[in-house]
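Letters A, B, ... mirror the listed sequences (proteins, then strands); counts begin at 1.
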There are 2 protein chains.
Amino acid sequence: MSNCKTHKTCINEALKKAETICNEKGVKLTKLRQTVLKLIWKSHNYVKAYDLLDELKKIDDSAKPPTIYRSLDFLIENGFIHKIQSLNAYVGCSHPQEHKECYFLICDSCQNIEECCSEQINKVVISTTGKNHFELNQVTLEISGTCQDCTN
Amino acid sequence: MSNCKTHKTCINEALKKAETICNEKGVKLTKLRQTVLKLIWKSHNYVKAYDLLDELKKIDDSAKPPTIYRSLDFLIENGFIHKIQSLNAYVGCSHPQEHKECYFLICDSCQNIEECCSEQINKVVISTTGKNHFELNQVTLEISGTCQDCTN
DNA sequence: AAATTGATGTTATATTATAACATAATTGAT
DNA sequence: ATCAATTATGTTATAATATAACATCAATTT
């Protein structure tokens, strides 16, 4: 479960940030992309692409897989959402632009995803890859388990 | 690229370890499962399920998707291979039974995968999840980039 | 206004994976 | 040794995830 008080605030902030960043970058948050972002932000839980598609179809009957996947690509590229590789699922990014490496706490029980940053983890990853003379490109760190609310 | 001298040794050791562990556990490394394990161990690179299937078909014409996926499931369950979530691909485990949490250095250039353990990473992950009161189940840590051989 | 670029619509299909049921092989109990 | 139960494999079908390719439309630039 998420610890946000009024989730509307989360959604609004996510949309506002996306708009601001798009303006800065000179890319366009079209109506479609905004709609998809909103749908993803319906909760802090992860969502599957075809579930999103079903939701989108309710709004726009003509939506098809490429409709959703293109928007997902755009939103990922610009850092507004993340793909959870171990689940083939998507989740809103709670702090776009701020972070490089993040990790995800995925609750098996309630599907909530907590996005975290840890300088400590970054450092350790960098140092251990360095030891292997490995030139780092992308880090995927996904931790599944049970969140605090679901443990009790 | 892998730094093994004679890859045959890697394969033989992997097969021997698998056999030993299966005996200990009382599960069966059937001919099919052994064949699949061998195919996966053809290199230190990751392999895709349907590529494995194509290889298997050369040996056993009747092989079909469930043939390969069942063997993959068995091999994963018993720790002989790993699934690389960010690639939907599979790779032999270089030290079955020894480790809990591992991470993978995935070379974008040569598809080699180096499987690593780091007590330091484990500790940091455990401590940072602990701070979030998150009961850890499974850690997926996949690092893509360029390996030493491909950097030069 | 024409040309270019970017976004979306649309059809088709590729890729990854599993469900469900049938048959065969192995093991365990009697 | 035989039957029953379990485990493994064979087989068909289909589900779930994702992209290619081309057409059209909209926005931007010249």
>> Between Gln138(A) and Ser144(B), do the side chains contain a donor N or O and an acceptor N or O under 3.5 Å apart?
In response: no
> Counting just side-chain N and O atoms, does Tyr69(A) come under 4.0 Å of either OP1 or OP2 of dA18(D)?
Replying inline: yes
>> Do Ile113(A) and His44(A) make a side-chain contact, defined as non-hydrogen atoms from C-beta onward lying under 4.5 Å apart?
In response: no
> Rounded to whole angstrom units, what separation is found between the CG atom of Asn78(B) and the P atom of dT7(D)?
Replying inline: 14 Å
> Taking CD from Gln85(B) and C1' from dT17(D), how many angstroms apart are they, rounded to a whole number?
Replying inline: 14 Å
>> Is it the case that the side chain of Asn112(A) and the backbone of Cys147(A) share a donor-acceptor pair, with hydrogens and angles ignored and the cut-off at 3.5 Å?
In response: no
> Tell me: NZ of Lys57(B) to C1' of dT11(D), nearest whole Å?
Replying inline: 13 Å
> In terms of side-chain heavy atoms of Tyr50(A), which of dT12(D), dA18(D), dT16(C) is nearest?
Replying inline: dA18(D)
> What is the distance, rounded to the nearest whole Å, between atom CG of Leu29(A) and atom C1' of dG6(C)?
Replying inline: 15 Å
> Which whole-number value in Å describes the distance from Ile76(A) CD1 to dT19(D) C1'?
Replying inline: 14 Å
>> Let's see if you can work this out: which of dA18(D), dG10(D), dT8(C) has an atom nearest to the side-chain heavy atoms of Thr30(A)?
In response: dT8(C)
> Under 4.0 angstrom, heavy atoms only, what part of the nucleic acid is Arg33(B) near: base, sugar-phosphate, or nothing?
Replying inline: sugar-phosphate
>> So, does Tyr90(A) get its side chain near the phosphate of dA18(D), meaning an N or O under 4.0 Å from OP1 or OP2?
In response: yes
> Are His82(A) and Tyr90(A) near enough that their ring centres are under 6.0 Å apart?
Replying inline: no
> Does Ser62(A) put a side-chain nitrogen or oxygen below 4.0 Å from OP1 or OP2 of dT10(C)?
Replying inline: yes
> For dA17(C), does either OP1 or OP2 sit under 4.0 Å from a side-chain N or O belonging to Asn88(B)?
Replying inline: yes
>> For dT17(D) and Lys48(A) - does any side-chain N or O of the residue sit under 4.0 Å from the phosphate oxygens OP1/OP2?
In response: yes
> Which nucleotide in the set dT8(C), dA17(C), dT19(D) lies at the smallest distance from any side-chain heavy atom of Leu32(A)?
Replying inline: dT8(C)
>> Both Val27(B) and Leu72(A) contact DNA chain D. Taking the nearest nucleotide for each, which residue is further toward the 5' end?
In response: Val27(B)
> Roughly how many Å is it from NZ in Lys25(B) to P in dT7(D), rounded to a whole number?
Replying inline: 15 Å
>> On the nucleotide dT13(C), are OP1 or OP2 found under 4.0 Å from the side-chain N or O atoms that Lys64(A) carries?
In response: no
> With a non-hydrogen cut-off below 4.0 angstrom, is Lys31(A) in contact with a base, only sugar-phosphate, or nothing?
Replying inline: nothing
>> If I take atom CD1 in residue Ile68(A) and atom P in nucleotide dA7(C), what distance separates them, rounded to the nearest angstrom?
In response: 17 Å
> Between dT11(D), dG6(C), dT10(C), which one does the side chain of Arg70(A) approach most closely?
Replying inline: dT10(C)
> Would you find a donor on one side and an acceptor on the other, under 3.5 Å apart, between the side chain of Arg33(B) and the backbone of Leu75(B)?
Replying inline: no
> What is the base-pairing partner of dT23(C), counting Watson-Crick and G-U wobble geometry with both distances under 3.5 Å?
Replying inline: dA8(D)
> Separation of Asp73(A) atom CG from dA20(D) atom C1', in whole Å?
Replying inline: 13 Å
>> As a quick check of understanding, evaluate salt bridge (Lys or Arg N to Asp or Glu O under 4.0 Å) for Glu55(A) and Lys58(A), giving each step before the final call.
In response: CA-CA 5 Å; Glu55(A) 289 303 308; Lys58(A) 290 180 189 168; 3.1 Å; yes
>> Measuring from the side chain of Lys28(B) (C-beta onward, heavy atoms only), which nucleotide among dT27(C), dA17(C), dT11(C) has the closest atom?
In response: dT27(C)
